[in-house]
2 protein chains.
Amino acid sequence: MKPKITLKDIARELDVSISTVSKALKNSKEISKDTKDRIKAFAKFYNYRPNNIALSLKNRRTKNIGVVIPDIVHHFFTTVFRGIEKYANSMGYNVIICISDESFDKEVINMEMLANGSIDGFILSLSAETQRKNDFTHLKELLDQGIPIVLFDRVTKEIACDKVILNDKGISIEAVEHFISTGAKKIALVTTENFFNVSESRKEGYLKALEDNHISINEDLILTLPHDLDNSKLIMEFFKNNEIDAVLCVNEIFAVQCLSIIQQLGYNVPNDISIIGFTDGILSKYASPKLTTVAQHGERMGEKAAKFLIDRMESLEMEEAPFKTEIINATLIKRDSTIN
Amino acid sequence: MKPKITLKDIARELDVSISTVSKALKNSKEISKDTKDRIKAFAKFYNYRPNNIALSLKNRRTKNIGVVIPDIVHHFFTTVFRGIEKYANSMGYNVIICISDESFDKEVINMEMLANGSIDGFILSLSAETQRKNDFTHLKELLDQGIPIVLFDRVTKEIACDKVILNDKGISIEAVEHFISTGAKKIALVTTENFFNVSESRKEGYLKALEDNHISINEDLILTLPHDLDNSKLIMEFFKNNEIDAVLCVNEIFAVQCLSIIQQLGYNVPNDISIIGFTDGILSKYASPKLTTVAQHGERMGEKAAKFLIDRMESLEMEEAPFKTEIINATLIKRDSTIN
DNA sequence: AATAATTACGAAAACGGTTTCGTGTTAATA
DNA sequence: TATTAACACGAAACCGTTTTCGTAATTATT
């Protein structure tokens with residue numbers, strides 16, 4: 001058991017002052033070569049490493065960034081997180097993570113906890129409850145205190161900060177037009193009931209594409225699924241009661257659920273019904289047939305978000321550069337659940 | 001922009017000493033009710049919160065725990081992580097995460113980084129490379145410095161510390177015997193080439209179960225897949241060249257890959273060939289037929305690991321309690337890829 | 001030889017808290 | 001009335017760094 005060694009220890013052993021040790025280790029020219037050599041050798045031998053906490057206190061920056069995501073089991077967030085971690089690490093930052101679990105309270109409490117010195121900035125995607133309540137005072141307060149925030153994916157106009165989002169509307173249009181190009185006419189949308197900005201945008205895209213292509217909108221072809229319930233019956237009814245030849249799903253789970261039920265009903269995918277789902281995760285990759293998906297490039301989003309944050313933090317705290325919004329272009333990964 | 005307020009600020013405004021403010025806010029009886037009320041009111045109004053970094057420095061504990069996992073996209077680790085986060089948070093700890101990406105160097109560098117004061121203890125699962133190299137000096141050094149470590153899932157005998165593992169061998173036996181009970185005789189194993197302790201244990205269980213049930217072992221029925229390559233062809237060959245009526249896969253991806261290929265070859269699952277895969281994740285849940293799996297109870301593992309760590313850290317740093325190893329019992333989730 | 005410049009180092013403050021100990025005022029006791 | 005106890009507060013040390021500033025000793029300059 002050999003506890004960590006401090007500057008003070010070195011100073012005592014070598015009979016010099018703490019300042020001398022500090023300077024010597026930083027190769028200051030104030031210190032003679034002889035003394036520097038002695039101190040460095042000693043420090044190396046005892047494997048001296050400066051204490052991060054003391055440095056944080058002194059420098060008033062922790063080199064930690066806080067990441068708050070609604071859920072970590074969701075593949076999309078997981079990839080974004082990886083992007084953040086990757087970039088942050090490469091820049092010498094550590095990542096402290098909090099799962100809000102879609103809960104407003106957890107989001108607030110954890111962020112306030114971390115904000116008291118533990119982190120230099122936040123990257124977050126709003127929890128479902130926060131979006132529903134439309135209450136962002138906690139974020140505003142943090143910004144007020146001078147703590148930078150970057151929002152990604154689930155963002156809000158209420159908060160002025162850097163943002164990284166997907167071109168949800170655009171890619172939805174692209175998806176629907178891909179259906180249309182293969183001859184589909186009765187195109188359905190399966191979406192979530194929660195009032196997420198992303199679901200909204202995707203729906204807008206869906207509607208826009210139909211309109212642009214002179215296909216009349218049929219509200220019956222939009223299935224809004226509740227959160228957390230067993231959806232199977234609803235989906236089953238949906239496909240039984242409607243004539244459908246293509247379906248766009250706002251997430252991967254809905255997509256594979258639809259796939260499975262469509263097949264159970266005796267239809268062929270993609271010949272009878274085509275499917276496209278958001279999120280290009282393992283579910284889609286290993287489904288049979290493999291699903292055509294919207295790749296959200298989560299890792300790229302994460303890297304970009306981290307870059308935004310670190311840029312801002314390291315801009316010498318000085319003049320507030322205008323806030324930027326980066327739009328990541330989703331891409332359609334064409335596989336076997338749509339006709340080529 | 002209203003920056004955070006400190007004890008010093010309060011002291012100055014209220015014309016008392018810093019010590020008085022500190023004591024008042026801690027409700028010390030040294031301070032008169034009057035003064036306490038004044039100070040508390042002021043602090044509340046300005047939303048005073050003590051600075052975590054200063055506290056960490058003073059108390060020599062950060063209330064942060066470091067989690068090092070090989071990968072975050074893997075469902076199993078993700079659930080363990082959630083368990084850790086949950087328990088840690090409930091005990092007032094934050095979680096700093098590092099992805100080793102199966103790399104020895106990243107594991108070492110990140111841990112050393114964090115060990116310099118940023119965290120009070122580690123929870124980790126060894127990277128593939130670390131296991132291959134069998135080099136654990138970085139862990140030994142940390143333990144030497146008095147930093148507690150808890151290993152989970154991918155552990156090693158070389159390191160004496162608390163551990164949380166799965167009864168891999170036992171559950172493999174159970175899985176194989178479940179195959180046998182449904183009449184299977186030609187039972188295959190699909191495993192990884194890397195020398196993980198877990199794959200080893202699973203193989204041992206597989207062999208033991210066959211032996212116990214007087215089924216002769218056929219090495220041809222053991223498929224060892226390389227990491228990261230496209231396995232499809234190998235799996236295809238495997239099922240073409242061998243008569244097989246049941247297959248145990250050491251992870252979820254192998255299981256769905258096998259499922260898909262088996263179906264392509266025109267066999268019926270589970271009637272012609274049964275499948276059981278390790279990890280009860282979404283892939284298995286949404287496959288058709290739904291896969292029978294080994295549930296590893298990752299969340300429970302995570303909670304237990306966090307409990308081990310926090311218990312040890314909070315045991316007043318005093319006498320070293322003996323190291324414990326908790327074995328989490330995996331359970332077989334019977335679904336539709338095995339005969340009931 | 002007297003003065004100026006350089007060298008090599010230490011003292012001390014600062015970051016934001018906690019905590020021990022000391023002390024000047026009152027209030028209680030002898 | 002003198003002594004003691006209780007009360008209410010402040011000074012200072014400490015956690016481990018960095019950094020500014022001061023200064024003694026040496027070297028260079030005139």
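Chain letters run A, B, ... following the sequence lines, proteins first and then strands; every chain starts at 1.
Of the side-chain N and O atoms in B/Y48, one or more sit less than 4.0 angstrom from OP1 or OP2 of C/dG17.
Per the geometry, CG belonging to A/D9 stands 8 Å off P belonging to D/dG16, to the nearest Å. Distance, A/N52 CG to D/dC15 C1': 15 Å, rounded to whole Å. Look at CD1 on B/I10: it is 12 Å from C1' on C/dG17, rounded to the nearest Å. Separating the CG atom of B/L14 from the C1' atom of D/dA8 is a distance of 15 Å, rounded to the nearest angstrom.
A heavy atom closer than 4.0 Å to some atom of DNA chain D occurs in B/S19, B/T20, B/K23, B/E30, B/I31, B/S32, B/T35, these being the qualifying members of residues 18-35 of chain B. Within residues 36-47 of chain A, no residue places a heavy atom under 4.0 Å from DNA chain D.
For A/R300, the salt bridge (Lys or Arg N to Asp or Glu O under 4.0 Å) test picks out no residue, with sequence neighbours left out. Considering only residues two or more places apart in sequence or on other chains, B/K23 meets the salt bridge (Lys or Arg N to Asp or Glu O under 4.0 Å) condition with B/E30.
Rounded to 10 degrees, the angle separating the terminal axes of the helix from C/dA1-D/dT30 to C/dA30-D/dT1 is 70°, with each axis obtained from five end pairs.
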As a quick check of understanding, evaluate ring-ring contact (aromatic ring centres under 6.0 Å, His included) for B/Y46 and B/F42, giving each step before the final call. CA-CA 6 Å; B/Y46 284 100; B/F42 190 91; 4.7 Å; yes
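With respect to the salt-bridge test (charged N to carboxylate O, under 4.0 angstrom), the residues B/R154 and B/E102 qualify. A salt bridge links A/D37 with A/K33; the closest basic N to acidic carboxylate O contact falls under 4.0 Å.
Counting only heavy atoms from C-beta outward, the side chains of A/I119 and A/I65 never approach each other to under 4.5 Å.
Listed candidates were C/dT18, D/dG16, C/dG16. Nearest to the side chain of A/R60 is C/dG16. Comparing D/dC15, D/dT18, D/dG10 by their nearest atom to the side chain of B/L57 picks out D/dC15.
A donor-acceptor contact shorter than 3.5 Å links the side chain of B/T78 to the backbone of B/I72.
Nucleic acid contact class of A/L55 (heavy atoms, under 4.0 Å, all strands): sugar-phosphate only.
Looking at which nucleotide of DNA chain D each of A/N59 and B/N59 is closest to, the 5′-most match is held by B/N59.
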Distances for protein N or O near nucleotides 23-28 of chain D N or O, under 3.5 Å:
none

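With hydrogens and angles left out, the side chain of B/K58 and the base of C/dT18 share a donor-acceptor pair within 3.5 Å.
Between the side chains of A/S118 and B/N52, at least one donor N or O sits under 3.5 Å from an acceptor N or O.
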